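Here is the structure we will look at, set down as structure tokens.
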Amino acid sequence: MENLELLKKLSFERVAGSKEEYQAAMIIKEEIEKLGLEVEIEPFEIEFPEEVTATFEILEPVAQSFEVTGVGLAGVTEGLEGEFIYIDDLNAISLAKAKGKIALFNGGLTFANYKKIVDAGVLGFITFNGSVYDETTDIDERYLRPKLQELGKLPGVNMSIHDAETLVRLNPQKVKLAVSGKVSTRTSHNLVVTLPGEIEDEVICFSGHYDSVRHSKGVYDNATGSLAILDFLKHFSQTKPKRTLKFLWCGTEERGLVGSTAYVAAHQKEMTQYKLNINLDMLGVVLGKDIASVTGEEAITHYIDFVAKELGFGIQTSTGVYPSDSTPFADGGVPAITFARGAAVGGATIHSKKTSLILSVLKASIKRLISSLLLQNALSVPMFSQSQQRCLKR
């Protein structure tokens, strides 16, 4: 990520399916073509919430209204009245009291959280965003991701953290919410570059998303990862790899890994040739720590840990599911790794309008680590040599 000017060039809001997202795709395309390489643009359709409006008010014991945004791609209602409940922890005991009520809960619209409130039988829900230390808060425009929609579409609203505090202090008995909206279809795009290797039918794929959320310029998440992929593309375009390399810039990650899911579905017949996915999502912060999350055999985690120690590079390795574009590859049967650099407490935050360019360039150390993994795996030797396998078993 040597070109800080390019990072600045990508520093603008680029929501899924928007003209700004397409503009970002064209910036990346232009950089690829400067290397003398061809890029394939693969469009795919997405659902997009339009004209979403919402209201929320306390009915009893005192009337009071609050500014809210409606949750898009979720339930709609002209007016839903119900008893209010604040669930401070989505545990079984608290959820047992939530049936038939309108619930405010802590945390975001994750699959786990949403499933719990659906299973608990709530009528509708309220989420919130922001920091108590900010005087003003932009209320996020939220939506149900595809996997959450499969659980059922409950009507919901989002409010500022300050209003959420006020609401809980007032301890209302009865509240009312209304949500309306439409669903349209937009087009998003994946960008793909292929570098044939000596073994053409074995593929290692780099991936990373280039879209952002509303109210964020998306520098940390994930212009940094997008430009890191460009760095690796530049390197390997000058050195023929052992295996075929794919470089994939995904659209619409922020709405539920839609771009990478579309790519895996479109190339399903080829997935048996894919031996590894290396996903880059959020890099470059000065204060933080490097992580590698593997969705695949535990031996891969040990291998990364082994190579990192050989290089004298501290990195936190784990085996699990990382919520990024590595997951659709893993679901498609391809071992997947996400490399990221998590920010220190009080440092950079994702999905923030405060995202700035106070970032380091991509650390040479993590670049060296990934390059080392690829030099051993993509350029010279089989995926795991006998000596490496012996080391992993120690």
Side-chain angles (χ1 to χ4, degrees), residues 1-11 14 23-42 189-200 202-211 218-251 253 259-260 263 274-285 290 292 307 311 313 324-326 337-341 357 359-380:
M1 203 181 308
E2 300 164 355
N3 192 342
L4 187 58
E5 290 305 313
L6 184 55
L7 194 62
K8 291 179 180 178
K9 196 174 180 180
L10 276 174
S11 176
R14 44 193 191 278
Q23 178 185 347
M26 292 302 100
I27 291 172
I28 295 170
K29 176 178 179 288
E30 181 181 355
E31 294 300 315
I32 294 168
E33 291 174 342
K34 286 180 183 178
L35 300 175
L37 300 171
E38 293 185 4
V39 56
E40 297 177 61
I41 299 179
E42 300 185 358
H189 304 83
N190 290 328
L191 285 75
V192 189
V193 177
T194 303
L195 296 181
E198 295 176 21
I199 307 174
E200 292 192 6
E202 291 190 0
V203 177
I204 294 175
C205 179
F206 284 91
S207 64
H209 73 93
Y210 65 91
D211 63 315
V219 178
Y220 180 29
D221 183 14
N222 182 40
T224 53
S226 295
L227 298 192
I229 297 174
L230 276 172
D231 274 357
F232 287 117
L233 174 61
K234 181 177 180 179
H235 170 79
F236 286 110
S237 67
Q238 299 167 357
T239 307
K240 187 175 180 65
K242 184 73 174 179
R243 291 173 173 81
T244 293
L245 298 182
K246 297 273 188 179
F247 298 83
L248 169 64
W249 290 263
C250 301
E253 187 265 1
S260 50
Y263 179 83
Y274 283 61
K275 303 304 178 184
L276 185 67
N277 166 242
I278 297 174
N279 186 60
L280 304 173
D281 196 353
M282 300 189 304
L283 305 168
V285 290
D290 298 302
V307 173
L311 294 172
F313 173 59
S324 187
D325 289 310
S326 52
I337 311 165
T338 286
F339 286 96
R341 183 166 174 79
L357 287 165
L359 300 165
S360 67
V361 296
L362 177 60
K363 289 182 63 179
S365 51
I366 194 168
K367 193 171 181 180
R368 184 160 56 101
L369 171 64
I370 302 176
S371 295
S372 179
L373 295 172
L374 288 168
L375 285 170
Q376 295 181 62
N377 283 311
L379 296 176
S380 57

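Numbering of residues begins at 1 and proceeds along the displayed sequence. Model, not experiment: these values are computed from the prediction.
A donor-acceptor contact shorter than 3.5 Å links the side chain of Ser237 to the backbone of Lys234.
Classification of the Tyr263-Tyr274 ring pair by plane angle, with boundaries at 30° and 60°, yields perpendicular.
Within 6.0 Å of CD on Gln238 lie more than 12 heavy atoms contributed by other residues, nucleotides or ligands.
There is a side-chain donor-acceptor pair under 3.5 Å between His209 and Asp221. For the residue pair Ser207 / Asp325, no side-chain donor-acceptor distance below 3.5 Å is found, with atom types taken as modelled.
Among all heavy-atom pairs drawn from Gly197 and Thr244, the shortest one is N-OG1, 3.1 Å. The minimum heavy-atom distance linking Ser326 with Thr338 is given by the pair OG-OG1, 2.7 Å. Contact between Leu280 and Ala228 at its shortest, heavy atoms only, is CD1-CB, 3.8 Å. Thr224 approaches Leu7 most closely through the heavy-atom pair N-CD1, 4.0 Å. A pairwise comparison of heavy atoms in Asn277 and Cys205 identifies ND2-O, 3.1 Å as the closest pair. Across Gly208 and Ile229, no two heavy atoms sit closer than the pair N-CD1, 3.4 Å.
Counting heavy atoms from C-beta on, the side chains of Asn190 and Ile41 never come closer than 4.5 Å. For the pair Tyr210 and Leu10, the minimum side-chain heavy-atom distance is 4.5 Å or more. The shortest side-chain heavy-atom distance between Phe247 and Leu191 does not fall under the 4.5 Å cut-off. The side-chain heavy atoms of Leu230 and Trp249, taken from C-beta on, include a pair separated by under 4.5 Å. Counting heavy atoms from C-beta on, the side chains of Thr194 and Glu40 come closer than 4.5 Å. Looking only at side-chain heavy atoms (C-beta outward), Ile204 and Lys246 stay at 4.5 Å or farther from each other. Annotation: side chain of Leu195 is in contact with side chain of Leu37 (closest heavy-atom distance under 4.5 Å). With a 4.5 Å cut-off on side-chain heavy atoms, Arg341 and Met282 do not count as touching.
Interatomic distance, CG of Asn279 versus CZ of Phe206, reported as 11.0 Å (0.5 Å rounding). One finds the CG atom of Leu283 at 10.0 Å from the CZ atom of Phe339 (value rounded to the nearest 0.5 Å). Note that OG of Ser260 and CG of Leu248 are 7.5 Å apart. Values are rounded to the nearest 0.5 Å. From Leu35, atom CG reaches atom CG of Leu233 across 5.5 Å, with rounding to the nearest 0.5 Å.
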Stepwise side chain to side chain contact (heavy atoms under 4.5 Å, CB included) test for Val193 and Glu38: CA-CA 7 Å; Val193 177; Glu38 293 185 4; over 6 Å; no
Check the pair Lys9 / Glu30 against side chain to side chain contact (heavy atoms under 4.5 Å, CB included), numbers first and verdict last. CA-CA 12 Å; Lys9 196 174 180 180; Glu30 181 181 355; 4.1 Å; yes
Go through Asn222 and Glu253 one step at a time and tell me if the side chain to side chain contact (heavy atoms under 4.5 Å, CB included) criterion holds. CA-CA 10 Å; Asn222 182 40; Glu253 187 265 1; over 6 Å; no
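For Lys29 and Glu33, the salt-bridge test passes: some basic side-chain N is under 4.0 Å from an acidic carboxylate O. Salt bridge Asp211/Arg14: absent, no basic N to carboxylate O contact under 4.0 Å.
Not counting sequence neighbours, Glu200 has no partner by the salt bridge (charged side-chain N to carboxylate O under 4.0 Å, His left out) test.
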